[in-house]
Enquirer: 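Next up is a structure, given as structure tokens.
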Amino acid sequence: MAQPNELIAKWPGWSRANAETVLASPAWRMPVSFGGAEDALTIAPAPEGQLFLNVSLDDERHVLGLADSPRLGDLHLLWGRLSELDPNLVLALVEREGSALFQLMEDVVRRQFSVSGVAKAPADAAGRMAFRLESGQVFSIDLSPELRNIFGDIAHLDPTHEAIRSMTRKCIAHYAAVEIPDADVDALAEGDVIPLIPEYRAMAEWKTDVFGDSLVHICAAQRTDISFAEFADGRLPAVPPPGALVLMRGGRTIADGEISKIGGVECFKLTHLH
């Protein structure tokens, strides 16, 4: 059984998702370490009254915005008076009280973080994103394409979020796979039968992809919606007894069919050729 994050990465609609799509999901949640404790980032609305800082990640310049928070200690106590204080004092408070957040940024992007001074509010908010630590701190930063790819990694989608657990995909009930030479497949006609082994019903299973082998497959004619939660929890519904069936090879349906008994042996009987 695949791990939940592996299931997301292979799920229809997510297997080729870009960073923008990932960051737009309500299920985005990035586990981090903050101040020596386990924490997590989620997407937040842009906060009001931010303190903006000129910062660098290695040689790449950014503007980091800090929202007021009790986690900022003395900076929080003086928040309403920051504009009256000497910028050097504000910078000293920032470097002391914001050290846990700055270390978080270094850990996440794996670049050296440094603060060079207080900045003016950015004139353009395009490309900025705000994040909230579950412990309370909110900050914003302009995301370069490289940073957007780091934050927008599909691994940061929370598989326990309802937006993920409620996703469904089309699955097909698969009852048997039979090796038939190409010439015999081409010669199949309505009324022909393919004998099935006695254990075929017990071996029935759900399939999610088009068959890539050379075998012919006996499957349910109708596909069934199965949720991510059912896959992740290992509680797939029981495969129903065979009813209306199809004979498939690769992604092509060869014929419709049904179960028929001949001499006490259950067989797949072709009822209509495609």
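Computed from a prediction, not measured in an experiment: that's the story for all the values here.
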Enquirer: Does the side chain of L147 come within less than 4.5 Å of V109's, by heavy atoms?
Expert: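 Heavy-atom side-chain distance check passes, below 4.5 Å.
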Enquirer: Parallel under 30°, tilted from 30 to 60°, perpendicular over 60°: which one fits the rings of F211 and H217?
Expert: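 Answer is parallel, since the angle falls under 30°.
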Enquirer: Measure the spacing between CG of L215 and CZ of R249 and express it to the nearest 0.5 Å.
Expert: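 Answer for the CG-CZ pair, L215 versus R249, is 8.0 Å.
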Enquirer: Ignoring hydrogens, what is the shortest heavy-atom contact between A119 and N54? Give both atom names and the distance.
Expert: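 Closest heavy-atom pair between A119 and N54: CB-OD1, 3.3 Å.
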Enquirer: Step by step, would you call F268 with Y175 a ring pair (Phe, Tyr, Trp, His ring centres under 6.0 Å)?
Expert: CA-CA 10 Å; F268 173 83; Y175 298 99; 10.0 Å; no
Enquirer: Which value, rounded to the nearest 0.5 Å, describes the distance between I154 atom CD1 and L157 atom CG?
Expert: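 Between I154 CD1 and L157 CG, I get 5.5 Å after rounding to 0.5 Å.
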Enquirer: Measure the NE2-CG distance between H62 and L57 for me, rounded to the nearest 0.5 Å.
Expert: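 Going from the NE2 atom of H62 to the CG atom of L57 covers 5.0 Å.
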Enquirer: Given L245 and E258, is the side chain to side chain contact (heavy atoms under 4.5 Å, CB included) satisfied, shown in steps?
Expert: CA-CA 6 Å; L245 301 173; E258 61 187 13; 5.7 Å; no
Enquirer: Could you report the tightest heavy-atom contact between S116 and V55, atom names first, then the distance?
Expert: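 Smallest heavy-atom distance, with atoms named: OG-N, 4.5 Å.
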Enquirer: Same cluster for L273 and V246 if Ile/Leu/Val/Met/Phe/Trp/Tyr side chains link at under 4.5 Å?
Expert: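 In one cluster: no.
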Enquirer: Could you walk me through whether L104 and D39 satisfy the side chain to side chain contact (heavy atoms under 4.5 Å, CB included) test, starting with their C-alpha distance in whole Å, then the side-chain angles of each, then the deciding distance to 0.1 Å, before giving a yes or no?
Expert: CA-CA 10 Å; L104 178 153; D39 213 319; over 6 Å; no
Enquirer: To check you understand the geometry: which heavy-atom pair defines the closest contact between C267 and P195, and what is its length?
Expert: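 Between these two residues, the closest heavy atoms are SG-CA, 3.8 Å.
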Enquirer: Examine V90 and L77 and state if one hydrophobic cluster contains both, with Ile, Leu, Val, Met, Phe, Trp and Tyr joined whenever side-chain heavy atoms are less than 4.5 Å apart.
Expert: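 No, V90 does not connect to L77 through the hydrophobic network.
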Enquirer: Given L247, which of V178, D192, I194, V185 fulfils the side-chain contact (heavy atoms from CB on, under 4.5 Å) condition?
Expert: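 Among V178, D192, I194, V185, the one meeting side-chain contact (heavy atoms from CB on, under 4.5 Å) with L247 is I194.
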Enquirer: More than 12 non-hydrogen atoms from neighbouring residues, nucleotides or ligands closer than 6.0 Å to CD on E106, yes or no?
Expert: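 Counting other residues, nucleotides and ligands, CD of E106 exceeds 12 neighbours.
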Enquirer: Show the nearest heavy-atom pair for residues A229 and R235, with the distance to one decimal.
Expert: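 Looking at all heavy atoms of both residues, the shortest contact is CB-NH2, 3.9 Å.
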Enquirer: Do E38 and P31 have side chains that approach each other closer than 4.5 Å (heavy atoms only, starting at C-beta)?
Expert: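 E38 does not reach P31 side chain to side chain.
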Enquirer: Run the salt bridge (charged side-chain N to carboxylate O under 4.0 Å, His left out) check on D225 and R169 step by step: do they pass?
Expert: CA-CA 5 Å; D225 286 329; R169 69 182 302 171; over 6 Å; no
Enquirer: For D59, is the CG atom crowded, meaning more than 12 foreign heavy atoms sit under 6.0 Å from it?
Expert: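 No, because the 6.0 Å sphere around CG of D59 holds 12 heavy atoms or fewer from other groups.
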Enquirer: Examine distances only and state if a side-chain atom of R148 and a backbone atom of L23 form a donor-acceptor pair shorter than 3.5 Å.
Expert: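 Side chain of R148 to backbone of L23, a donor-acceptor pair under 3.5 Å: no, none is there.
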Enquirer: Kindly indicate, with the supporting measurements, whether the criterion side chain to side chain contact (heavy atoms under 4.5 Å, CB included) is fulfilled by S140 and Q50.
Expert: CA-CA 9 Å; S140 69; Q50 297 178 74; 2.5 Å; yes
Enquirer: If you count heavy atoms of other groups shown closer than 6.0 angstrom to CD of E134, is the number above 12?
Expert: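 Yes, enclosed.
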Enquirer: Take R29 and T160, measure what side chain to side chain contact (heavy atoms under 4.5 Å, CB included) needs, and give me the verdict at the end.
Expert: CA-CA 10 Å; R29 181 179 181 272; T160 69; over 6 Å; no
Enquirer: Rounded to the nearest 0.5 Å, what separates atom OG in S135 from atom CZ in R71?
Expert: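 It is 4.0 Å, given to the nearest 0.5 Å.
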Enquirer: Are F131 and V115 grouped together when hydrophobic residues (ILVMFWY) are joined by side-chain heavy atoms under 4.5 angstrom apart?
Expert: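 In one cluster: yes.
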Enquirer: State which residue, out of F113, F139, F34, fulfils the ring pair (Phe, Tyr, Trp, His ring centres under 6.0 Å) condition with F102.
Expert: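 Testing each of F113, F139, F34 against F102, the sole residue satisfying ring pair (Phe, Tyr, Trp, His ring centres under 6.0 Å) is F113.
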Enquirer: Quick check: closest heavy atoms across V22 and A17, and the distance to 0.1 Å?
Expert: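 It is CG2-CB, 4.4 Å.
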Enquirer: Can you tell me how far CZ of F228 sits from CG of D233, rounded to the nearest 0.5 angstrom?
Expert: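 D233 CG to F228 CZ: 9.0 Å, rounded to 0.5 Å.
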Enquirer: Parallel, tilted or perpendicular: which one describes the rings of W28 and H156, with boundaries at 30° and 60°?
Expert: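 Plane angle over 60°, so perpendicular.
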Enquirer: Over all heavy atoms of both residues, which pair between S25 and W14 is shortest? Give the atoms and the distance, please.
Expert: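 In this case the closest contact between S25 and W14 is CB-CH2, 3.9 Å.
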Enquirer: Shared ILVMFWY cluster between L101 and V63, side chains joined below 4.5 angstrom?
Expert: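 Shared cluster, no.
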Enquirer: Can you tell if the side chain of L85 reaches within under 4.5 Å of the side chain of L82, non-hydrogen atoms only?
Expert: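 A side-chain contact exists here, since the closest heavy-atom pair is under 4.5 Å.
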Enquirer: In terms of hydrophobic clusters joined by side-chain contacts under 4.5 Å, are F52 and W79 together?
Expert: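 No; W79 is not reachable from F52 via cluster members.
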Enquirer: Hey, are the side chains of L72 and Q137 touching, using non-hydrogen atoms and a 4.5 Å cut-off?
Expert: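 SC-SC contact between L72 and Q137 confirmed.
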